[in-house]
Amino acid sequence: MKTYSHRVNGTAVPIYYPESPDDLDGFHAFLERPGVIGLDTETTGLRIFSKGFLCRLVQFGRDNEAWVLDAAKFAGIIRYALARPDFKFVAHNAPFDLLVLDRTGLAELEDLGPRVFDTYILGHLCDPRTEHDGGAGLGLKPLSTVYVDNDAADTSKALYEVFRREYKANKSTGWALIDVDHPLYVTYAGLDVVYAARLLRELSILIRTNGLSDLAKLEHRVQLLTTAQQKRGLLVDVEYTEKLMDELETEARDYAALAATYGVDNINSTKQVIAGLEGMGEEWAAKTASGNPAVGKEVLLPMADLDAQWNRLEVRTPNPLADAIIRSKRASKWGESYVRTFLDDRDENDRIHPFIKSLAARTARMSISNPPLQQLPSSDWTIRRCIVADPGQLIVSADYSAVEMRVLAALANVAGLKRLIAEGADLHTATAILVYGEATWNAASAKEQKRMRSLMKIIGFGKVYGGGPTGLARQSGLPYADVKNAADGYDSAYPEINAYGRQLQRQAAYGGGAVYTPIGRRLPLDRDRAYAATNYVVQSTARDVLAEALIRIDDAGLSDHVLLPVHDELVCQFPAADAEEGIRQIGLLMETTINGVHIASEPEVYGPTWGHGYGAPA
DNA sequence: GCGCACCGCGCG
DNA sequence: AAAGCGCGCGGTGCGC
């Protein structure tokens with residue numbers, strides 16, 4: 001047995017590293033003590049489902065003691081401890097450890113998952129902001145610093161230094177290379193479970209006293225459902241994906257070469273792009289947030305004449321450099337951010353297992369990474385076509401119809417909107433008629449009607465996002481006067497929306513700078529962006545609508561069909577013969593009513609691939 | 001070599 | 001009166 005020690009908030013905590021079975025007596029005694037046990041794993045890396053992935057250490061800890069077990073040497077006792085139905089555990093970012101333990105055969109997700117608390121969830125409920133956004137932070141280290149020990153060790157940073165110095169490795173390769181009994185590795189591995197155990201104690205008090213216990217329970221259940229989705233993963237059509245990767249690489253290379261003939265050797269260098277375009281006599285006013293000339297697509301697209309800028313005054317010849325930059329950047333973005341990761345991240349069965357954070361954004365929205373499946377291009381089917389249903393099944397999907405507008409109507413109690421929703425009207429068209437008057441609408445040409453509807457849609461988005469006429473005009477490219485006029489009409493038709501925003505800001509002013517959502521979630525506002533209150537509450541409530549739908553779907557026994565949440569949509573799969581009925585059922589389970597407003601959903605059978613929902617040829 | 005800010009761009 | 005919101009990721013450029 002090796003024994004190390006580290007101070008936690010003033011007291012020395014022993015960290016035990018047993019070397020032979022004889023060393024485990026103390027561990028058995030440790031296990032049998034009452035209370036929740038801190039749990040953590042150290043692994044060869046972050047890609048749980050890649051070839052050669054191993055769990056190296058499994059750590060157990062309480063407030064004043066940690067046990068760090070070599071996962072290979074002590075697999076038997078680890079399995080025993082994790083399978084004991086009367087034991088409860090606490091981990092930070094539990095999905096990672098649950099999937100590690102499940103993948104390596106040390107525990108089963110379905111058995112262990114319901115017995116694990118996650119301090120990440122509790123921390124998020126207490127303050128959903130990262131340190132960067134002025135919050136307590138959401139990592140183990142920042143949370144421990146705030147709630148456990150002002151001098152909490154940054155265990156991973158210190159280890160990166162050891163990786164470099166002693167192993168000539170970096171932060172990603174070091175985890176597999178460091179000796180499994182390296183004293184700092186073992187000490188810091190043990191420290192993390194002590195922090196987790198103490199964090200649970202401290203955060204539980206805050207959760208209870210702030211009335212967040214039910215919400216915490218719900219979030220743990222939702223997290224378990226998304227972790228099961230991550231375990232299931234999605235099947236990649238490797239043959240198609242490899243071919244697409246080739247094509248995108250070629251396209252990116254060819255257009256980059258074309259840009260080089262105009263002196264832009266590196267299309268990703270904003271400096272070079274600015275110099276190249278200015279050298280061709282281009283002039284533009286758009287600036288980035290920090291005041292430099294912007295060369296995003298809002299600048300390049302009009303120059304290249306790739307979009308229909310129908311309000312542009314001057315007729316001009318397309319700029320071939322701008323065109324080449326756009327095309328090369330797009331091909332490399334699609335290739336490197338999406339298609340490449342499908343190939344790189346897949347397991348031995350050609351499945352990808354994206355990391356689904358069920359409680360991610362400061363509004364509680366979910367996020368998906370590695371690969372970022374919530375962000376695949378939707379204008380075009382080619383990327384989504386890489387993802388296919390399991391053999392004999394079809395990809396199906398149900399999404400909420402204008403969920404944020406409906407949530408806004410419900411929360412702000414907007415009489416006009418509520419009436420239109422109840423009537424099943426097309427919201428933007430009906431709003432246009434309301435704002436411009438029936439006579440004007442009827443006298444208008446089809447083109448004018450389309451323009452009025454589109455204005456109402458833009459203003460609606462502005463209401464949900466908190467945008468004013470200036471920004472909306474800039475973003476949409478429409479004349480300010482038209483947008484301002486439309487916004488004024490909108491405000492007269494639906495005065496409750498602005499009143500609701502003012503009410504939220506008053507609440508925040510007297511409520512510690514935070515607003516509260518109907519589910520009881522606390523959303524801190526930035527002092528200088530109080531206008532975001534409406535968006536936060538609406539976005540967050542729409543997220544909770546989806547989260548609660550996942551639970552109803554699970555209660556109905558249909559969870560195994562859910563592949564992914566995409567903010568207002570659930571991507572699922574069903575055996576071909578049941579697809580239509582299956583997604584109809586899920587769509588019905590998704591539907592709910594808030595304050596008399598029906599939150600409707602639309603089911604759709606896509607086909608054998610995800611791309612079939614976006615126009616992929618049958 | 002690494003961390004970080006920034007830019008740009010994909011989604012809802 | 002005016003203010004769009006939330007993510008993840010690849011890339012550059014810079015400081016350490």
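Letters A, B, ... are given to chains in the order of the sequence lines, protein chains preceding strands, and every chain is numbered from 1.
- Comparing A/Gln505 and A/Gln539 along DNA chain C, the residue whose closest nucleotide (by nearest heavy atom) sits nearer the 5' end is A/Gln505.
- For the OP1/OP2 pair of C/dC9 and a distance below 4.0 Å, the side-chain nitrogens and oxygens of A/Asn370 include at least one atom meeting the criterion.
- Note that CG of A/Leu564 is 9.5 Å distant from CZ of A/Arg232, once rounded to the nearest 0.5 Å.
- The separation between A/Ile497 atom CD1 and C/dA2 atom P is 18 Å, rounded to whole Å.
- Comparing C/dA2, C/dG11, C/dG13 by their nearest atom to the side chain of A/Lys271 picks out C/dG13.
- Separating the CG atom of A/Leu301 from the P atom of B/dC9 is a distance of 8 Å, rounded to the nearest angstrom.
- A donor N or O paired with an acceptor N or O is not found under 3.5 Å between the base of C/dC7 and the side-chain atoms of A/Gln374.
- Within the 4.0 Å cut-off from OP1 or OP2 of B/dC11, not a single side-chain nitrogen or oxygen of A/Tyr614 is found.
- At a threshold of 4.0 angstrom between heavy atoms, the contacts of A/Val295 are confined to the sugar-phosphate backbone, with no base atom among them.
- Note: NZ (A/Lys463) to P (C/dC5) measures 14 Å, nearest angstrom.
- Rounded to the nearest 0.5 angstrom, A/Leu46 CG and A/Ile48 CD1 are separated by 8.0 Å.
- Among the protein residues, A/Gln475 comes within range of the nucleic acid bases, having at least one heavy atom under 4.0 Å from a base atom.
- Of all non-hydrogen atoms in A/Ala152 and A/Lys141, the two that sit nearest each other are O-NZ, 2.8 Å.
- Regarding contacts with the backbone of C/dG6, a side-chain N or O of A/Tyr536 is found under 4.0 angstrom from either OP1 or OP2.
- Remark: the A/Gln375 side chain and the B/dC9 base include no donor-acceptor N/O pair separated by less than 3.5 Å.
- Using a 4.0 Å heavy-atom criterion, one finds that A/Leu373 contacts no nucleic acid atom at all.
- Between A/Ser269 and C/dG13 there is a side-chain N or O to OP1 or OP2 distance below 4.0 Å.
- Counting only heavy atoms from C-beta on, A/Pro377 has its side chain closest to B/dC11 among B/dC11, B/dG3, C/dG4.
- One finds no side-chain N or O of A/Thr363 lying less than 4.0 angstrom from the OP1 or OP2 phosphate oxygen of C/dG6.
- Here A/Tyr338 does not reach the OP1 or OP2 of B/dC9: none of its side-chain N or O atoms lies under 4.0 Å away.
- In this structure, A/Arg521 forms no cation-pi arrangement with A/Tyr516, as its terminal cationic atom is not both closer than 6.0 Å to the ring centre and no more than 45° off the ring axis.
- Going from atom CG of A/Asp133 over to atom C1' of C/dG6 covers 10 Å, rounded to whole Å.
- Put simply, the side chain of A/Arg330 and the base of B/dG10 share no donor and acceptor less than 3.5 Å apart.
- The CD1 atom of A/Ile356 sits 13 Å away from the P atom of C/dG8 (whole-angstrom rounding).
- OP1 or OP2 of C/dC9 has not a single side-chain nitrogen or oxygen of A/Thr341 nearer than 4.0 Å.
- Here A/Ser332 lies out of heavy-atom contact (under 4.0 Å) with every strand.
- The residue A/Ala361 sits close only to the backbone: its heavy atoms come under 4.0 Å of sugar-phosphate atoms, none of a base.
- Of the candidates C/dT12, C/dG11, B/dG3, C/dG11 carries the atom nearest the A/Glu336 side chain, counting heavy atoms from C-beta on.
- For C/dG4, the base is syn relative to its sugar; the glycosidic angle is within 90° of 0.
- For A/Lys157 and B/dG3, the NZ to C1' distance is 8 Å, given to the nearest whole Å.
- With 3.5 Å as the limit, one finds a donor-acceptor pair spanning the side chains of A/Thr173 and A/Asn170.
- Only one option out of A/Gln223, A/His124, A/His92 pairs with A/Asp118 in a side chain to side chain donor-acceptor pair (under 3.5 Å); it is A/Gln223.
- A donor-acceptor contact under 3.5 Å links the side chain of A/Lys333 to the base of B/dC9.
- In this model, the phosphate group of C/dG6 is approached by a side-chain N or O of A/Arg529 to a distance below 4.0 Å at OP1 or OP2.
- A straight line from CZ of A/Arg129 to P of C/dC5 spans 16 Å, rounded to a whole angstrom.
- Closest to the side chain of A/Asn535, from the set C/dC5, B/dG12, B/dG3, is C/dC5.
- Contact annotation for A/Asp528: no contact, since no heavy-atom pair falls under 4.0 Å across all strands.
- Among the nucleotides C/dC5, C/dA3, B/dG8, the one closest to the side chain of A/Ala532 is C/dC5.
- Considering only the side chain of A/Trp334, B/dG10 comes nearest among C/dC7, B/dG10, B/dG12.
- The pairing partner recorded for C/dG15 is B/dC2, the criterion being a Watson-Crick or G-U wobble arrangement whose two distances lie under 3.5 angstrom.
- Comparing atom distances between the A/Asn170 side chain and each of B/dG12, B/dG1, B/dG8 picks out B/dG1 as nearest.
- Across C/dG6, B/dC11, C/dG4, the shortest atom-to-atom separation from the side chain of A/Arg365 is found for C/dG6.
- No more than 12 heavy atoms of other residues, nucleotides or ligands lie within 6.0 Å of CZ in A/Phe461, so this atom counts as exposed by the packing criterion.
- OP1 or OP2 of C/dG8 lies within a sub-4.0 Å distance of a side-chain N or O belonging to A/Ser367.
- Within 4.0 Å of A/Ile383, counting heavy atoms only, lies no atom of the nucleic acid at all.
- When the side-chain nitrogen and oxygen atoms of A/Asn292 are compared with OP1 and OP2 of B/dC6, none of them lie within a distance under 4.0 Å.
- More than 12 heavy atoms of other residues, nucleotides or ligands shown are found within 6.0 angstrom of CZ on A/Arg165.
- Computed from coordinates, the A/Leu525 CG to C/dG6 C1' distance equals 14 Å when rounded to whole Å.
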